[in-house]
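As structure tokens, the structure follows; a few thoughts come after it.
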Protein chains: 2
Amino acid sequence: MATIKVLGYSGSITTRTVLCCLKEKQVDYELVVVDPAAGDHLQPRYLALNPFAVVPTIQDGDLTLFESRGILKYLAKKYKGQGTELYGNSLSEEALVEQWCEVEGQSYNSPALAILSQIVFVPKKGGTTDEAVVELNVEKVGKLLDIYEERLSKSKYLAGDFFSLADLQHLATTHYLVTVCGKGDLISSRKHVKAWWKDISSRPTWKKVTEKAP
Amino acid sequence: MATIKVLGYSGSITTRTVLCCLKEKQVDYELVVVDPAAGDHLQPRYLALNPFAVVPTIQDGDLTLFESRGILKYLAKKYKGQGTELYGNSLSEEALVEQWCEVEGQSYNSPALAILSQIVFVPKKGGTTDEAVVELNVEKVGKLLDIYEERLSKSKYLAGDFFSLADLQHLATTHYLVTVCGKGDLISSRKHVKAWWKDISSRPTWKKVTEKAP
């Protein structure tokens, strides 16, 4: 079987998430560096694979896929029975995984990235952090984490008592919120969220992904 | 088998999408009206099922689910082999369905809703439409539809030559863009997008859902 190629770079949030998933599923892969900082994502050869000009893209034999959350689902399905079961073990568990994956994609990701953008990317481009935007989005994430806190008081992980894609999808953005953005209090001020974060961010697969990345 | 209960209301974009999916899968359901305009979504009984206070929520026996896109996936999986196959017929087709579902959720939904909000919801609440916001988001949707146009020049539907969840997820928001918002030119100015929209919006299931709704 051909090795899965991941076109992306280790500093990208979504590439890291896909790499972590591959490690959880114990799947060999080859990382082909596509670095947006170097303009690699705008090369016609890359745009032919991914018209959205973002990383990552994967190639698995003849199949080319973009959209990291879709890639995660593909990997979890293709390698069912190998490595960590990231979809649970029944249709009901899988449904709850999908539900919490959507919560991340629809409600968590946007305000978390807005904070990261204001604190890291805007100054990097010579701009000034808009503190009001940071505050607004910290409030949004906080309200959402109140719901997580309630949920995590009843189950160890988001979809149930098993680590799943839903938890995995939170790793990279939360890592940046806690480390680079100095917003660790969003996590540590909530007992169950704190325990959940400690657990999922200690996974050996995630540690491997982060230790190699900028 | 217990009938699936859909807690929502027929005027809601996401409730309509779920109802259309149920009809495609030829599944009987009971619509239990939860009308946000009447504050039903803030009742403790509803919040106990869905802490996000949005519609719809479904109940299938003991299983309670929210997040409409997650609900669609659950229905498509549970009723595999019944009604329309909304995930295609192979792992590769399913992967492409997931990919285009994510494009809708991550890139199409937000600017489309921003247009709808400015043109419909803001004036309804006594405010004034911000034309600059409308213009910015029309531009975003247009750029995205350029990518769809290219894709749909190669396959009849987004994920391939079969109608799928990815197409279904676009029905409700696009319906409002074309009808209420008067942004039909976004669709009709692109040959393949226009043919795709004509095809998917003509599905008998969707027609049934829209004829009953405000």
Side-chain angles (χ1 to χ4, degrees), chain A residues 14 47-48 50-54 57-58 60-80 87 90-110 113 143-151 154 158-160 165-166 169, chain B residues 14 47-48 50-54 57-58 60-80 87 90-110 113 143-151 154 158-160 165-166 169:
Chain A
T14 44
L47 287 174
N50 184 337
F52 292 91
V54 291
T57 300
I58 70 162
D60 186 9
D62 290 340
L63 184 66
T64 299
L65 290 176
F66 47 84
E67 283 293 338
S68 63
R69 292 173 185 81
I71 293 171
L72 300 181
K73 291 185 205 299
Y74 170 70
L75 295 172
K77 285 177 201 170
K78 176 167 179 181
Y79 297 103
K80 192 173 165 68
Y87 255 134
S90 67
L91 184 64
S92 300
E93 287 184 354
E94 199 167 319
L96 291 166
V97 174
E98 297 282 16
Q99 171 182 288
W100 288 100
C101 281
E102 287 298 325
V103 171
E104 186 279 331
Q106 293 297 318
S107 302
Y108 188 81
N109 183 58
S110 173
L113 279 192
K143 278 187 184 167
L144 184 58
L145 288 177
D146 286 341
I147 295 177
Y148 285 30
E149 178 68 6
E150 171 69 14
R151 169 65 185 168
K154 289 171 189 156
L158 287 171
L165 279 187
Q169 279 187 198
Chain B
T14 44
L47 287 173
N50 184 338
F52 292 90
V54 290
T57 300
I58 70 161
D60 185 10
D62 291 339
L63 183 66
T64 299
L65 290 176
F66 48 83
E67 283 293 338
S68 62
R69 292 173 185 81
I71 293 171
L72 300 181
K73 290 184 205 300
Y74 170 70
L75 295 172
K77 284 177 200 169
K78 177 168 179 181
Y79 298 103
K80 192 175 166 66
Y87 255 135
S90 67
L91 184 63
S92 300
E93 287 184 356
E94 199 167 320
L96 291 166
V97 174
E98 297 283 16
Q99 170 183 289
W100 287 101
C101 282
E102 287 299 326
V103 171
E104 186 279 330
Q106 293 297 318
S107 302
Y108 188 82
N109 183 57
S110 173
L113 280 191
K143 276 187 184 168
L144 185 59
L145 288 178
D146 286 340
I147 294 177
Y148 284 31
E149 177 68 5
E150 171 69 13
R151 169 66 184 167
K154 290 172 188 154
L158 286 171
L165 280 187
Q169 278 187 199

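Chain A is the first sequence line, chain B the second, and so forth, proteins listed ahead of strands; every chain is numbered from 1.
Using a 4.5 Å cut-off between heavy atoms, N109(A) contacts chain B through its side chain alone, with no backbone atom that close. In this structure, the portions of L65(A) lying under 4.5 Å from any heavy atom of chain B include both its backbone and its side chain. The part of T64(B) that comes within reach of chain A is its backbone (N, CA, C, O), which places non-hydrogen atoms under 4.5 angstrom from that chain.
Although no hydrogens or angles enter the test, the distance criterion places a donor-acceptor pair under 3.5 Å between the side chain of Q99(B) and the main chain of F66(A).
A salt bridge (Lys or Arg N to Asp or Glu O under 4.0 Å) check over residues 62-71 of chain A, counting only residues at least two apart or in different chains, returns the pairs R69(A)-E104(A).
In terms of heavy atoms, A95(B) sits closest to L63(A) at CB-CD2, 4.2 Å.
Interatomic distance, E98(B) CD to I71(A) CD1, rounded to the nearest 0.5 Å: 11.5 Å. Once rounded to the nearest 0.5 Å, the distance linking OH of Y87(B) with NZ of K77(A) reads 4.0 Å. Rounding to the nearest 0.5 Å gives a distance of 10.5 Å between CD of Q106(B) and OG1 of T14(A).
Partners of E149(B) according to the side chain to side chain contact (heavy atoms under 4.5 Å, CB included) rule, which considers only residues two or more places apart in sequence or in another chain, are R190(B), K191(B), H192(B), V193(B).
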